[in-house]
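Below: one structure, written as structure tokens.
Labels below follow one simple rule: chain letters A, B, ... track the order of the sequence lines, proteins then strands, and each chain is numbered from 1.
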Number of protein chains: 4
Amino acid sequence: MKRSSEQTRGERTRQAILASATQAFRDRGYERATTADVAQGAKVSEATIFNHYGSKSGLLLEVMESYYRDTLLELEEAIRGQGGPEQQLRVMVRFWVLRVVKDWSLARVFSQHGRFSDDPQVVTSYRELSRGLTGRVLAVLQNLRTEGKIGDDIPLYLLRDVIFGAGEHIALGAAIRPRSQAELERAGEQIVGLILAGSKPSEKSEASLASLEAKLDQVLQRLPEA
Amino acid sequence: MKRSSEQTRGERTRQAILASATQAFRDRGYERATTADVAQGAKVSEATIFNHYGSKSGLLLEVMESYYRDTLLELEEAIRGQGGPEQQLRVMVRFWVLRVVKDWSLARVFSQHGRFSDDPQVVTSYRELSRGLTGRVLAVLQNLRTEGKIGDDIPLYLLRDVIFGAGEHIALGAAIRPRSQAELERAGEQIVGLILAGSKPSEKSEASLASLEAKLDQVLQRLPEA
Amino acid sequence: MKRSSEQTRGERTRQAILASATQAFRDRGYERATTADVAQGAKVSEATIFNHYGSKSGLLLEVMESYYRDTLLELEEAIRGQGGPEQQLRVMVRFWVLRVVKDWSLARVFSQHGRFSDDPQVVTSYRELSRGLTGRVLAVLQNLRTEGKIGDDIPLYLLRDVIFGAGEHIALGAAIRPRSQAELERAGEQIVGLILAGSKPSEKSEASLASLEAKLDQVLQRLPEA
Amino acid sequence: MKRSSEQTRGERTRQAILASATQAFRDRGYERATTADVAQGAKVSEATIFNHYGSKSGLLLEVMESYYRDTLLELEEAIRGQGGPEQQLRVMVRFWVLRVVKDWSLARVFSQHGRFSDDPQVVTSYRELSRGLTGRVLAVLQNLRTEGKIGDDIPLYLLRDVIFGAGEHIALGAAIRPRSQAELERAGEQIVGLILAGSKPSEKSEASLASLEAKLDQVLQRLPEA
DNA sequence: GATGAATGAGAATTCATTCAT
DNA sequence: GATGAATGAATTCTCATTCAT
């Protein structure tokens, strides 16, 4: 009995369990999702789950890792070939808002248990994984600062917190009063707008307008009167 | 055996349970805090808890209500007598950041179970209570818009989400790398700065753009026709 | 609803559980006796067992302590008022043989898990308890040595091992081919006989021979010449 | 790929499993040694164990048989060419003490499960096997009795129980306070000494000496003073 | 008002065993 | 011969909840 894909039976089972667990954690949270739920969802026996993942927290670990891996891959994909850091930031924030709206519950499970799990591996792994994501954003913010688009007086971590925190709260609101994709993208744009406008070096922007004006004055002086 | 305060014995017991439960939920989260923990902390038997609060979720309900009531009271206190809405916003954000850093775990318990509890009363109540808090912020933001300090193009709920979301993420970061009170207050200031600067109506920059355009018109006039 | 004895309900339940557990461990051994078995035997729910004893190994601990306490008490009772150490030893060995025949399985559970339990309390406690018992025997052996009835060349611990080991093996044999109480008491006597005869200082038998010879000389002197 | 010995692959696998199982039972006891442990130790899959031995208790059966077979062989080897039965007894006891000290845990597994296994084959087989061993000792004791070195009043099974029981208890003590090989051999000698001295035909025994002495005293009283 | 005592309904985890390949 | 994969049946333990006193 062959399969088109080259997965072994075991591999397929693992995937089924992982998918079912992801769903279960999303729907019911970690503690209320039981291994029996997951087994049922994956159409395997509970014992099979333990054969593959060792423990419930081992399952969480892999759900987390797989989820972050995918997310990071999609994020890279989304910003590939985007021009400057500003454009990258726009894409990232949009991406993040949409993603967190879709998967808010899951993200919350990760952030809760990634911090407080009894299983130290979960904690360690979560820290690394989430750093992978936020680090990506911090890097772009750093580029923007280098380009002079973000002032020196505001710490980047704060902007990062604004991005991720606002994203989450939008998701949270969206859970109660659903919003269209367009609205969400717009919200993403506006967050970026807020950040760039609110944190741009203040003297400088007015300064450059002023500098333009000064140059125009020079042009005017050199031109004959109308 | 008298008591200076006029609480009955029952009332004192209720308070002890409430305090213990608050602590337990803060320390261990709702699911992992057991009624036995709470009973031990309050130095009463488990049965007494059920006499007073009927169920574990009933206990959560009262913890939540009592916490929000206190918080809202303190918030009102803090902004009492503050001048304009801008100043009020500053105070509120600073208050919120400090509060959420202190009680992040508890806030998370509320927000998690306020949304997903099996007990519908908890859900209903949470919605109202948190609206009470965010509504307070929205009102001030509305005032700022009326004063022309916030542009029409950015929805206020987004600014609210930025405030609350950023606050939470700062708290979250502070749990790993603790920050001094001064730093936190500064972060609060900067969030307000970001919001006000980033969302201020664009007349100002339009003003200088207009001035530039006027000058360009002059240039065009002085140049010979093509 | 009163009880003739002054035990509380809880106390009665504890006793019932203890009795049932003792029986279950005796009948099936520790690992194969389940907490469900014990609960059924005590006519309580499984949860009640855990309320009272905390864990299965906690239950074993108390079964062990209670059993040793009783046994030691009965032993003291049995040797109370017995004359010299030799008589005491006889009583003890007889007691021990009868006891171990009756409770061989239980003793084996203790000795197995008292040594290899994962629960360190069980191990510690077992060591103390069994020392209490064997110590009693060693003390009597020591007295016998002081009285010159046991030679210096044989270590007492060996005699102790003979007593306890032979007792167990008799019990073991009795499990296959049952023996009457009289037979068992006789076996006890014989073990003591073996020990006293086999380990008595060798000079002594020569001494008494010498004493006999001396007396015979006296007799000869008093008798008329042939 | 050749092998010097002529074992087939299957045979080699069987051996590896047997060795690993023996070790596992010794280290962890029957119940707590899992088939997974055994498989890991033998570097085969769990399924292979079942191919070869059918069940866990089938595995125990073969471990037991193989162990007793080896032990009996070594015992025969040890007493081969030893002179009289007394010398044979000495060798046997010494052998047994050393062996049981080394393999006390394993012996205990056999004796426990040989008696109480659910698998009747294990029980039957254990009975035969252990009879093979103790029978060997009984035979020698019988010879000693025939030689007049053991009195008629003490049953031989009791002496056998003393030998095996004392051996086990010495082993048990040695597990806590390790003893040198010399000490153990000495203990073996002393047990034999005890048995031979303690059970030798009673003509010379102290009881009759005492009785003789008593009669002499009577004679002396009836005789006139010298 | 308070509590000692008891419990039902799970929960995760273990483990010998089977079977298709 | 060997094994990867799967599983049924337990098993210990937890916890909110009830109720007689």
Integer-rounded Å distance: [N] [atom2] and [X] [atom1]:
X	N	atom1	atom2	result
K43(A)	dT7(F)	NZ	C1'	17 Å
Y53(D)	dT17(E)	OH	P	15 Å
E46(D)	dG4(F)	CD	P	11 Å
F50(C)	dG8(E)	CZ	C1'	15 Å
D37(D)	dA16(E)	CG	C1'	12 Å
K56(C)	dC13(F)	NZ	C1'	12 Å
R12(A)	dG4(F)	CZ	P	17 Å
I49(A)	dG8(F)	CD1	C1'	15 Å

Item to check | Separation between the P atoms of dT21(F) and dG1(E), rounded to whole Å | outcome: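 My reading of the P atoms in dT21(F) and dG1(E) gives 22 Å.
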Item to check | Listed nucleotide nearest any side-chain atom of A47(B), set dT3(F), dT7(F), dT18(F) | outcome: dT18(F)
Looking at [X], I'd like to know if its [atom1] atom is crowded, meaning that more than 12 non-hydrogen atoms belonging to other residues, nucleotides or ligands lie closer than 6.0 Å.
X	atom1	answer
Q40(C)	CD	no
Q15(C)	CD	yes
Q121(A)	CD	no
R127(D)	CZ	no

Checklist entry - Are F110(B) and F25(B) close enough that some pair of their side-chain heavy atoms sits under 4.5 Å apart? => result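 No. Closest side-chain heavy atoms not under 4.5 Å.
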Next on the checklist: I need the single residue from K56(D), R28(D), R32(D) that forms a salt bridge (charged side-chain N to carboxylate O under 4.0 Å, His left out) with D37(D). Which is it?
Outcome noted: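 Single pass found, and it is R28(D).
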Respond yes when some side-chain nitrogen or oxygen of [X] is under 4.0 Å from OP1 or OP2 of [N], and no when none is.
X	N	value
T35(B)	dT17(F)	no
S45(C)	dT7(E)	yes
H52(C)	dG4(E)	no
S55(D)	dA16(E)	no

Next on the checklist: Under a 3.5 Å cut-off for both contacts, is dT21(E) paired Watson-Crick or G-U wobble with anything, and if yes, with which nucleotide?
Outcome noted: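 dA2(F) is the nucleotide pairing with dT21(E).
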Item to check | hbond_proxy N51(C) side chain to dA5(E) base (donor-acceptor, 3.5 Å cutoff) | outcome: no
Item to check | Near-strand residues of residues 14-34 of chain B, defined as heavy-atom separation under 4.0 angstrom from DNA chain F | outcome: A33(B), T34(B)
Next on the checklist: Which heavy atom of V123(A) sits nearest to which heavy atom of H113(A), and what is that distance?
Outcome noted: CG2-O, 4.5 Å
Checklist entry - In terms of the nearest nucleotide of DNA chain F, which residue is placed more toward the 5' end: T48(D) or S57(B)? => result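 Nearest-nucleotide comparison on DNA chain F picks T48(D).
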